[in-house]
Q: 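Structure provided below as structure tokens; questions to follow.
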Amino acid sequence: MNEQPILYGASYSVYVRAVRLTLAEKGVPYTLVPVDVFAPGGPPADYLARQPFGRIPAFEHGSFNLYEAGAIMRYVDEVFAGPSLQPEDAEARARTNQVISILDSYAYPSLVRGIFVERVSVPKRGQIPDEAKVQAAIPMATACLKALAGIRGTGPFLAGSVLTLADLHAIPMFAYFHAAPEAEDLLRPHAGLREWWQRLADRPSVLETAT
Ligand SMILES: N[C@@H](CCC(=O)N[C@@H](CS)C(=O)NCC(=O)O)C(=O)O
């Protein structure tokens, strides 16, 4: 299939950014069609045909339509040329998928929704953060950082010795989390995660998807 893929979403979304990072690392040109899920009234009604839950991203490649960031990232990795972002080795591949699942199930609700949104996005909108939500997110954020640091061990990347979809899934969540004042204290015990972030933060794909 020669068509250039189309990604529907907004650059502020962590999940849209994770897909953009994957496309960038694979060197795949694509079109980003803006869909703002937080617009008053929600996304356009016809968008629900692409993503019935009203979330972003959605993806189109020729006649193939897909939603759910993790599925899109795996598809992009498997269909396009460029460096493989999923290890061949069964154990390393399982670690990659384990990290992605931890990020979706525990990191997004705590690091992003519980801490970043309340501490950074809500005040930016001129509203008062819900302190209870921040406090409720801290135990899960703590457990999550400990788990990710443990899985990473001393390797340069989250799930082994090469960059994988696990790193690309994590980058947008960590980028937001770092903007919250809680990040410094919560990351203090995890020199390895801080070093991981420093290694990735000025990667071309990371810089070019920063906005
Ligand atoms: N499981 C979905 C999650 C996507 C998701 O939650 N996207 C957020 C933006 S980062 C969204 O659309 N939020 C809109 C809302 O919560 O109403 C995926 O992996 O694509």
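Counting starts at 1 for both ligands and their atoms, in listed order.
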Q: Under the salt bridge (charged side-chain N to carboxylate O under 4.0 Å, His left out) test, which residues partner Asp46, sequence neighbours left out?
A: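 Asp46 satisfies salt bridge (charged side-chain N to carboxylate O under 4.0 Å, His left out) with no other residue.
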Q: Quick one: salt bridge (charged side-chain N to carboxylate O under 4.0 Å, His left out) partners of Arg50, sequence neighbours excluded?
A: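 Expected list: Glu60.
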Q: Going through the checks in order, is the side-chain contact (heavy atoms from CB on, under 4.5 Å) test met by Ile56 and Tyr8?
A: CA-CA 7 Å; Ile56 48 176; Tyr8 296 83; 5.8 Å; no
Q: Give me the ring orientation class for Phe64 and Tyr75: parallel if the planes are under 30° apart, tilted from 30 to 60°, perpendicular past 60°.
A: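 Tilted: the ring planes of Phe64 and Tyr75 meet at 30° to 60°.
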Q: Pairs in or reaching into residues 138-150: which pass side chain to side chain donor-acceptor pair (under 3.5 Å), with residues at least two apart or in two chains?
A: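 Found none.
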Q: If the criterion is any heavy atom closer than 4.0 Å to an atom of ligand 1, which residues make the list?
A: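 Those residues closer than 4.0 Å to ligand 1 by some heavy atom are Ser13, Val14, Tyr15, Val37, Phe38, Arg55, Ile56, Pro57, Glu68, Ala69, Tyr108, Arg113.
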Q: Strictly under 6.0 Å, is that where the ring centroids of His169 and Phe174 end up?
A: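 Not close enough - the centres of the two rings lie 6.0 Å or further apart.
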